[in-house]
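The sequence lines fix the lettering, A, B, ..., with proteins before strands; numbering per chain opens at 1.
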Number of protein chains: 2
Amino acid sequence: MPNNVVFDLAKLRRNCAQCSLHQLCLPAGIGQDDLDRLDAIVHRRRPLARSERLYRIGDPMEALYVAREGSFKTVAINSDGEEQIIGFHLPGELMGLDALGTGLHRCEAEALGPAQICEVPLEALGDVIHAIPGLGTQMLRVIGRSVARDQDHLEMLGRRQAQERIAMFLHGLSERFRSLGHPATEFSLPMSREDIARFLGLVIETVSRGFTRLQDEGVIKVRGRQLRITDPQQLESLAIGPSDALRDHSCSRSA
Amino acid sequence: MPNNVVFDLAKLRRNCAQCSLHQLCLPAGIGQDDLDRLDAIVHRRRPLARSERLYRIGDPMEALYVAREGSFKTVAINSDGEEQIIGFHLPGELMGLDALGTGLHRCEAEALGPAQICEVPLEALGDVIHAIPGLGTQMLRVIGRSVARDQDHLEMLGRRQAQERIAMFLHGLSERFRSLGHPATEFSLPMSREDIARFLGLVIETVSRGFTRLQDEGVIKVRGRQLRITDPQQLESLAIGPSDALRDHSCSRSA
DNA sequence: CGTGTGATTGAGATGGGTCAACCTCAGTGG
DNA sequence: CCACTGAGGTTGACCCATCTCAATCACACG
């Protein structure tokens, strides 16, 4: 694979520019030197197959990972074997922060399909953070986004009805695809219904019924994992501020 | 109150040693110089009264905060005004990470009772992190613990029954009191039933019933906010691995 | 053309939400 | 000293969203 190192580096750099690492290294107008230094420490790993794991619960933290191709899920498993999906990670998104606290991973990261990743070894990271001004701040920002996502997730599990959760999930996924440059209204779900259910704190049948209902309402069109959002507006209003949406309707009629 | 500055600083340092900042600055055998430097940037603020807010949603991030006396809650409020409590913060625990991502706070931090805090101004923090080797790593560790707590919370909201949630909550609170050097089996709840409900993703009546039921089962004794854990063992087995506990019982009898 | 895995659908059971009454107690004022 | 008041907490009755259990479907794969 490393048949041509120069070519490889160039390709890597191009990739970094369009993955979440670009938010980690580029924004403050990073120089070419620093960029090279960063590129030099980023490892690639052999491709992963579906259901292969990047790390398991209890593994010592060795690196931060970025999905380069393919998607991942991070899963927490409690004492009685129940799984809770903590997050899904599309190409360009970060994984591995769960071990920051203890140095041991508390989740599993599992490929949802064939995948490739970039890996930033932990010890190298410390050096580079010190060497490149602003990188530490940037990294905090990336971590912060991850924290924010967890908190949105919390809010969703704490207060929302099944149907709202499903709408929020699809809407969020659509936005993430959009920001990756993929079509936002037609894509294929990288994860199973089971995974969705365990992410949303629901049971698979409820997810299935929710999809069917959204389809009956003309909001989406699903067939297996293939999804088309036929009424993005409506999906959005179901997702953000469900009662707002209702209020909007009634207000605009009465006012 | 700041009648004697020298005395004040000494007191502050003593306080830092026993609050979560000690995990942030002391562990790698930090020198006296660095400790002084850290002490110098830590602000105190005037005492806060019950229901006063440290920051509000949308406020720019200015500092990290540590509860010094009294407890806090951090609350997310969604589009239709529903509140989800993201976390409770006992003395020595950190607040303010929620703004790392965007630089704007996405939660409110509100004092549950009379409280005092220490404050680490953000810009000073950056300097000190660079100046004190190992502090950055330590800070990542503290952040990691906060992430871990959010993920436990997620797991709880996603998969657990009301009664398990309540047991987990009380058990976790008890552990935190223990690690603060307070009695772990008898304490007063810093938050209302309402707050507990909104933290657990339940309604207040369910929390109340849950308490009553735990009391009927002889696990706790509650009167208002005063709580005694009469059977810590049983509480723990309800909290961690509910079905394990059941399995244990039946196994130990049959095997 | 079976066989298995994932998804959908239906029917029935139930945990916990909703609504409403009531209790407890601290604070206040007569 | 007692009655009133209001906020927080408890309890009960009812109901519904979601879970459970089970049958069926869809489709990929050997």
Side-chain angles (χ1 to χ4, degrees), chain A residues 49-51 73 80 82-85 110 112-114 156-170 188-217 220-228 238 242-243, chain B residues 49-51 73 80 82-85 110 112-114 156-170 188-217 220-228 238 242-243:
Chain A
R50 175 188 147 83
S51 88
K73 60 179 175 184
D80 41 313
E82 291 256 19
E83 296 188 353
Q84 169 68 38
I85 296 198
E110 183 179 327
L112 292 169
M156 183 170 75
L157 295 189
R159 299 249 142 264
R160 303 313 193 112
Q161 308 259 94
Q163 198 66 6
E164 298 174 51
R165 294 186 198 183
I166 293 166
M168 289 173 82
F169 172 72
L170 292 179
S188 133
L189 297 166
M191 70 295 283
S192 67
R193 298 289 191 275
E194 177 90 54
D195 287 337
I196 298 173
R198 287 187 167 154
F199 178 76
L200 296 178
L202 302 170
V203 107
I204 186 175
E205 293 94 325
T206 306
V207 172
S208 184
R209 280 186 253 266
F211 277 18
T212 307
R213 190 169 141 203
L214 282 177
Q215 185 166 250
D216 292 346
E217 290 166 346
I220 62 172
K221 183 91 185 56
V222 255
R223 178 157 187 78
R225 293 193 177 189
Q226 206 54 39
L227 184 90
R228 182 146 44 95
L238 290 172
S243 63
Chain B
R50 174 189 148 83
S51 90
K73 61 179 176 183
D80 39 317
E82 290 257 17
E83 296 189 352
Q84 169 68 36
I85 295 197
E110 183 180 326
L112 293 169
M156 182 169 77
L157 294 190
R159 299 251 141 262
R160 304 314 194 111
Q161 308 257 94
Q163 198 66 6
E164 300 174 50
R165 293 185 199 184
I166 293 166
M168 290 173 80
F169 172 71
L170 292 179
S188 132
L189 296 165
M191 70 294 282
S192 69
R193 299 288 191 276
E194 177 89 56
D195 287 336
I196 298 174
R198 284 185 170 155
F199 178 77
L200 297 178
L202 301 171
V203 301
I204 186 175
E205 295 94 325
T206 306
V207 172
S208 184
R209 280 187 253 267
F211 277 17
T212 307
R213 191 169 140 202
L214 282 177
Q215 185 166 249
D216 291 346
E217 290 166 346
I220 61 173
K221 184 89 185 56
V222 254
R223 178 156 185 78
R225 292 192 177 188
Q226 205 53 38
L227 184 89
R228 182 145 44 97
L238 289 172
S243 62

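- If you check every strand for non-hydrogen atoms under 4.0 Å, B:Ser192 touches sugar and phosphate atoms only.
- Distances were taken from every side-chain heavy atom of B:Ser208 (C-beta onward) to each of C:dG17, C:dA7, D:dT10; the shortest belongs to D:dT10.
- Atom CZ of A:Arg225 sits in a crowded spot, with more than 12 heavy atoms from other residues, nucleotides or ligands closer than 6.0 Å.
- Protein atom CZ of B:Arg213 is 21 Å distant from nucleotide atom P of D:dG9, rounded to whole Å.
- Not a single donor-acceptor pair, N or O on each side, falls under 3.5 Å between the base of D:dC19 and the side chain of B:Gln161.
- For the segment residues 193-201 of chain A, residues with any heavy atom less than 4.0 angstrom from an atom of DNA chain D are, sorted by number, A:Gly201.
- When rounded to the nearest whole Å, the span between CZ of B:Arg160 and P of D:dT18 equals 21 Å.
- Residue side chain A:Arg165 does not reach the base of D:dT18 through any donor-acceptor N/O pair under 3.5 Å, judged by distance alone.
- Note: CD (A:Glu205) to C1' (C:dG12) measures 13 Å, nearest angstrom.
- Taking atom CZ of A:Arg159 as the reference point, atom P of D:dT18 lies 14 Å away to the nearest angstrom.
- A 4.5 Å side-chain heavy-atom check between B:Leu202 and B:Phe169 finds every atom pair outside the cut-off.
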task = Give the intermediate values and the outcome of salt bridge (charged side-chain N to carboxylate O under 4.0 Å, His left out) for residues A:Glu205 and A:Arg209.
result = CA-CA 6 Å; A:Glu205 293 94 325; A:Arg209 280 186 253 266; 5.6 Å; no
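- Taking atom CD1 of B:Ile220 as the reference point, atom P of D:dG9 lies 14 Å away to the nearest angstrom.
- If you measure from atom CG of A:Asp216 to atom P of C:dG10, you get 10 Å, rounded to the nearest angstrom.
- A straight line from CG of B:Leu202 to P of D:dA17 spans 18 Å, rounded to a whole angstrom.
- Rounded to whole Å, the distance from CG on B:Leu214 to P on D:dT10 is 12 Å.
- Side-chain contact between A:Arg160 and A:Met168 is present, with at least one heavy-atom pair separated by less than 4.5 Å.
- Comparing C:dT8, C:dG6, C:dG15 against the side chain of A:Thr212 picks out C:dT8 as the nearest.
- Not a single donor-acceptor pair, N or O on each side, falls under 3.5 Å between the base of C:dG6 and the side chain of A:Arg225.
- Electrostatic pairing of A:Arg213 and A:Glu217 counts as a salt bridge here, judged by a charged N lying under 4.0 Å from a carboxylate O.
- Contact annotation: the side chain of A:Leu157 approaches that of A:Arg165 to within less than 4.5 Å [non-hydrogen atoms, C-beta and beyond].
- In this structure, the nucleotide among C:dT18, C:dA7, C:dG10 sitting nearest to the side chain of A:Arg209 is C:dG10.
- Checked by atom type and distance alone, the side chain of B:Gln84 pairs as donor or acceptor with a backbone atom of B:Arg198 at under 3.5 Å.
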